[in-house]
> 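Mind looking over this structure? Questions follow.
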Amino acid sequence: MKEALEQLLATAVATLQSQQTLPTDLPVRIQLDRPRDKSHGDFATNLALLLAKPASMNPRVLAEAVIAAIPANTLLEKADVAGPGFINFTFSQQQLVQQLERAYADDKLAVELATTAKTVVIDYSSPNLAKEMHVGHLRSAIIGDAVARVQRFIGNTVIAQNHVGDWGTQFGMLLAHMEALEGDAMAMELSNLETFYKAAKKRFDESEAFATRARELVVALQSGDATCRALWQQFIEVSLSHCQQVYDRLGVQLSRADVMAESAYNDDLAQVVADLQAQGLLVEDQGAQCVFLDEFRNKEGDALPVIVQKSGGGFLYATTDLAAIRYRQNKLHADQVMYFVDQRQGLHFQQIFTLARKAGFVSDSVQLDHYGFGTVMGKDGRPYKSRDGGVTKLADLLDEAEKRAFELLQSKNSQLTEAEQQHVAKVIGISSVKYADLSKNRSSDYIFDWDTMLSFEGNTAPYLLYAYTRVTSVFNKTNIAAASISAPLLLEDERELALANLLVRFNETVYSVADKAMPHFLCGYLFDLAGAFSTFYEACPILAEPREDRRLSRLKLAALTAKTLKTGLSLLGIETLEKM
RNA sequence: GCACUCGUAGCUCAACUGGAUAGAGUACUCGGCUACGAACCGAGCGGUUGGAGGUUCGAGCCCUCCCGAGUGCGCCA
């Protein structure tokens, strides 16, 4: 609907230009906003305000002229000039109903496919395999997964890349510890990666001989020593299967096939450096191979270096990231690469992107974006920690979420059996954690609070899940199937209209998430939708409505709401419940 | 020291990236179950958007300067 209106406006502007009312040499960008105030119609444009000065006209007069130049159509009910020169548009109800009927009849709610399908490489999760996944790994996995789902939904080809860290210097220490243990003892120790890492670290810090051995093993590993590689392989296997368990519990759609580890780029690293050398970008400084970029300067105004090879000959993550960019363009044929990595690596990615372009590793047509995110904080405003002050393992966090959800259910005199409650508690627990994260602005820090996220009040997963079960329970009390109501929609009550106006915005909401990589737009939308449904539900009887045409219309509205909630939540990676 | 991010109701968060009277939830105060799930809904209270200037028809958003917080700045990733 927005696109159609944009088209009408473009035609109007062209007409005014041909009439010399507007200067023809002016690039016109049509901006359409959803007004905050409902009395301002469905859409508003500031077109006349922007063009008033160059056209040397009074903005309100110009707005009138724009309205007069809009071609005849069935889209609009009316267009009014308001305030200093805004134009407010109201869609015709016929148009609204038509749009809703299309959504009702379509599996994908009539969400349009992207005009040109792109191949989008999404780098997300990417934990370091040396340790168990902890709370710091939550955001990348959840947000990246939601954006991946949205990108697929609008028809883009998504290639997930789980750029796991399996090649860093800590692996020497881990291998040395493995080497010192034997068979069963090692298997047992490996069953808890966290304690394994700590034990290895302790020996590394305390024993000089052990530390020396650890350094030897890094070199051995990276130069391809067979026994060393076998040990390493065994460790990686344990760690990856642990990650997979977490993904499965979280409902994050990553699998082994998406793993493209740091080590996979190993053979290309020397080539990356050689290519930088060949282009004259490389400078040796204090024994290290660096590229100095003019775009980034320090306090003295000197260019900052990107170090691609250590004085000892080793490569760094900058080198690996450059190799990965090349791979993503040349082998994966990416049109766009999205990185969901902690905000703190912002400078690193700016440097890498700049360097990759300068070195010709990636063409200008490939879009590279780092989407950073803030830190998960405790209620004290400090980074989230477990009770003992250590980092919280993700597995433990999810255990606690499920446990708390189960206790919550028990306190609500649920009608469900014990077994059903177990399942429902899992869904509520996990989705509460995910939703609490997704509903916050991606780029800022947020405070992790069990009580808020597990509440049925406010913008939370339990509230949305509950709203969904309320809708579906209506259909459990009738023999009319939710998907096969042929009666037309009648929007007579203001609350029906409000709900309808929200339902029709699903398309643009999905696109705003895809464009900005901001899942919280969708959360806000679903919360508004659930609220509008609750209001409607309280005020407008559905099954008890005596007039049949109205009863069927309301059922259809309820069915479309359920479908939109379910689809929207699924795009966030959250599953719905039929009863709870 | 330099760079980036942030500062919105007591608290947790929005504000569609420059639009109209800054909105939700929570807490607090009222009201609503002999209609489909009250795990809900409705109403009220609550603001000098950290401060001061500036840009323009219009600023929470852009620019400058202060105040406060966080993060990053050569061989970890």
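Quick caveat, the model's predicted, so the values are computed rather than measured. So that the names make sense, note that chain A is the first sequence line, chain B the second, and so on, each numbered from 1.
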> Does A:F86 form a side-chain contact (heavy atoms from CB on, under 4.5 Å) with A:N46? I'd like the steps, not just the answer.
CA-CA 5 Å; A:F86 292 105; A:N46 56 6; 4.2 Å; yes
> When all nucleic acid strands are considered with a 4.0 Å heavy-atom cut-off, which category describes A:Q170: base, sugar-phosphate, or nothing?
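Nothing: the residue A:Q170, judged by heavy atoms under 4.0 Å, touches no strand.
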> Expressed as a whole number of angstroms, how long is the span from A:H370:NE2 to B:U5:P?
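Taking NE2 of A:H370 and P of B:U5, I get 13 Å after rounding.
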> For the residue pair A:Y265 and A:F315, is the inter-centroid distance of their aromatic rings smaller than 6.0 Å?
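Here the rings of A:F315 and A:Y265 have centres that are no less than 6.0 Å from each other.
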> Please check if any side-chain donor atom of A:N441 sits under 3.5 Å from a side-chain acceptor atom of A:Y446, or the reverse.
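The criterion, which ignores hydrogens and geometry beyond distance, is not satisfied for A:Y446 and A:N441.
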> Please determine whether a side-chain nitrogen or oxygen atom of A:K379 lies at a distance below 4.0 Å from atom OP1 or OP2 of B:C11.
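The answer is no; no side-chain N or O of A:K379 sits under 4.0 Å from OP1 or OP2.
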> Apply salt bridge (Lys or Arg N to Asp or Glu O under 4.0 Å) to A:E407 and list each qualifying residue two or more places apart in sequence or on a separate chain.
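In terms of salt bridge (Lys or Arg N to Asp or Glu O under 4.0 Å), with neighbours along the sequence ignored, A:E407 is linked to A:K403.
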> Using whole Å, report how far OH of A:Y463 lies from C1' of B:C40.
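Interatomic distance, OH of A:Y463 to C1' of B:C40: 8 Å.
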> Measuring to OP1 and OP2 of B:C76, would you say a side-chain N or O of A:Y317 lies under 4.0 angstrom away?
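Indeed not, no polar side-chain atom of A:Y317 lies that close.
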> For the C1' atoms, the ones on B:C11 and on B:G72, what distance do you get once it is rounded to whole angstrom?
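Result for the C1' pair: 30 Å, nearest Å.
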> Specify the residues of residues 466-481 of chain A, ordered by number, for which at least one heavy atom lies under 4.0 angstrom from an atom of RNA chain B.
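Those residues whose heavy atoms fall under 4.0 Å from RNA chain B, taken from residues 466-481 of chain A in numerical order, are A:Y466, A:T469, A:R470, A:S473, A:V474, A:K477.
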> Given the P atoms of B:C45 and B:G10, what is the spacing between them in whole Å?
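Straight-line distance between the two P atoms is 15 Å.
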> Grab the N/O contacts between the protein and nucleotides 67-72 of chain B below 3.5 Å, and write none if there aren't any.
none

> So does A:K440 get a side-chain nitrogen or oxygen closer than 4.0 Å to the phosphate oxygens (OP1/OP2) of B:U12?
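No, outside the criterion.
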> What string of B, S and - do you get for nucleotides 22-27 of chain B, 5' to 3', when a contact is any protein heavy atom under 4.0 Å?
--SSS-
> Considering only the C1' atoms, how many Å lie between B:U34 and B:C30, rounded to the nearest integer?
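About 24 Å, rounded to a whole number of Å.
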> Could you list all the ring-ring contact (aromatic ring centres under 6.0 Å, His included) pairs where at least one residue sits in residues 455-481 of chain A, not counting sequence neighbours?
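Qualifying pairs, neighbours excluded: A:Y463-A:F527.
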> Evaluate A:D321 against A:F349 for side-chain contact (heavy atoms from CB on, under 4.5 Å), listing each step before the verdict.
CA-CA 9 Å; A:D321 278 335; A:F349 281 110; 4.2 Å; yes
> A:D285 side chain: which of B:G74, B:C75, B:C76 is closest?
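From the listed options, B:G74 comes nearest.
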> Taking the basic N atoms (NZ, or NE/NH1/NH2) and the acidic carboxylate oxygens, is any pair closer than 4.0 Å for A:K426 and A:E575?
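Salt bridge absent between A:K426 and A:E575.
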> Where do A:V111 and A:I154 come nearest, in terms of heavy atoms and distance?
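Heavy-atom minimum between the residues: CG1-CG2, 4.3 Å.
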> When the C1' atoms of B:U29 and B:U64 are compared, how many Å lie between them, rounded to an integer?
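The answer is 45 Å between these two C1' atoms.
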> Would you mind telling me which residue lines up with the more 5' stretch of RNA chain B, A:D37 or A:T452, judged by nearest nucleotide?
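Looking at the nearest nucleotide for each, A:T452 comes out on the 5' side.
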> Could you tell me whether A:F521 contacts a base, only the sugar-phosphate backbone, or nothing, with contacts defined as non-hydrogen atoms closer than 4.0 Å?
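Sugar-phosphate only.
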> Checking contacts here: which listed nucleotide (B:C41, B:A20, B:C36) is nearest the side-chain heavy atoms of A:S534?
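Ranking B:C41, B:A20, B:C36 by closest atom to the A:S534 side chain puts B:C41 first.
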> Mind telling me if B:C33 is syn or anti? Syn here is a glycosidic angle within 90° of 0.
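For B:C33, whose glycosidic angle is within 90° of 0, the conformation is syn.
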> Are the side chain of A:E420 and the backbone of A:Q415 linked by a donor-acceptor contact shorter than 3.5 Å?
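The answer is no, because no donor-acceptor pair under 3.5 Å joins these two groups.
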> Could you measure the distance from the CG atom of A:L465 to the NZ atom of A:K566? Nearest 0.5 Å is fine.
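A:L465 CG to A:K566 NZ: 10.5 Å, rounded to 0.5 Å.
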> Determine the minimum heavy-atom distance between A:M338 and A:Y371, stating which atoms define it.
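Nearest heavy atoms, A:M338 then A:Y371: CE-CE1, 3.4 Å.
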> Has A:Y537 got its ring stacked on B:C41, by the test of a centre gap below 5.5 Å and a plane angle below 30°?
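Stack criterion not met.
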> The side chain of A:P305 lies closest to which of these nucleotides: B:C76, B:G74, B:C40?
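The answer is B:G74, which lies nearest to the side chain.
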> Judged by each residue's nearest nucleotide on RNA chain B, which is more toward the 5′ side, A:G168 or A:F43?
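That would be A:F43.
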> B:A15 and B:G54: how far apart are their C1' atoms, nearest whole angstrom?
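Each nucleotide's C1' atom is 24 Å from the other's.
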> What about A:N88: does its side chain form a donor-acceptor pair under 3.5 Å with the base of B:A20?
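Checked by distance alone, the answer is yes.
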> Indicate yes or no: does A:R550 engage A:E545 in a salt bridge with an N to O separation below 4.0 Å.
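Between A:E545 and A:R550 there is a salt bridge, with a charged N closer than 4.0 Å to a carboxylate O.
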> side-chain contact (heavy atoms from CB on, under 4.5 Å), that's the test. Do A:V474 and A:Y537 meet it? Break it down for me.
CA-CA 10 Å; A:V474 173; A:Y537 180 86; 3.9 Å; yes
> For A:R60 and A:G83, indicate whether the former's side chain and the latter's backbone hold a donor-acceptor pair under 3.5 Å.
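Between the backbone of A:G83 and the side chain of A:R60 there is a qualifying donor-acceptor contact (under 3.5 Å).
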> If I pick the P atom on B:G60 and the same atom on B:C13, what distance separates them, to the nearest angstrom?
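Pairwise P distance, B:C13 against B:G60, rounds to 22 Å.
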> Pick the P atom in B:G46 and in B:A24, then give their distance to the nearest Å.
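That atom pair is separated by 14 Å.
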> Kindly confirm whether the side-chain ring of A:H520 is stacked on the base of B:A14, judged by centres under 5.5 Å and planes under 30°.
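One would not call A:H520 stacked on the B:A14 base.
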> Syn or anti for B:U17, taking syn as within 90° of 0?
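Syn conformation here, the glycosidic angle of B:U17 being no more than 90° from 0.
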> Of the nucleotides B:G74, B:C57, B:U17, which one has an atom closest to the side chain of A:K516?
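Nearest to the side chain of A:K516 among the choices is B:U17.
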> Classify every nucleotide of nucleotides 42-48 of chain B by which part a protein heavy atom approaches to under 4.0 Å, writing B for the base, S for the sugar-phosphate alone and - for neither, in 5'-to-3' order.
S------
> Show the nearest heavy-atom pair for residues A:S431 and A:A461, with the distance to one decimal.
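So the two residues come closest at O-CB, 3.5 Å.
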> Name the nucleic acid region contacted by A:Q415, choosing base, sugar-phosphate or nothing; use a 4.0 angstrom heavy-atom cut-off, strictly under.
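Result for A:Q415 = nothing.
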> With rounding to whole Å, what would you report as the distance between B:G58 and B:C2 at their P atoms?
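Rounded to whole Å, the distance is 34 Å.
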> Would A:F533 and A:L565 count as a side-chain contact (heavy atoms from CB on, under 4.5 Å) here? Give the steps.
CA-CA 10 Å; A:F533 178 79; A:L565 284 174; 5.9 Å; no
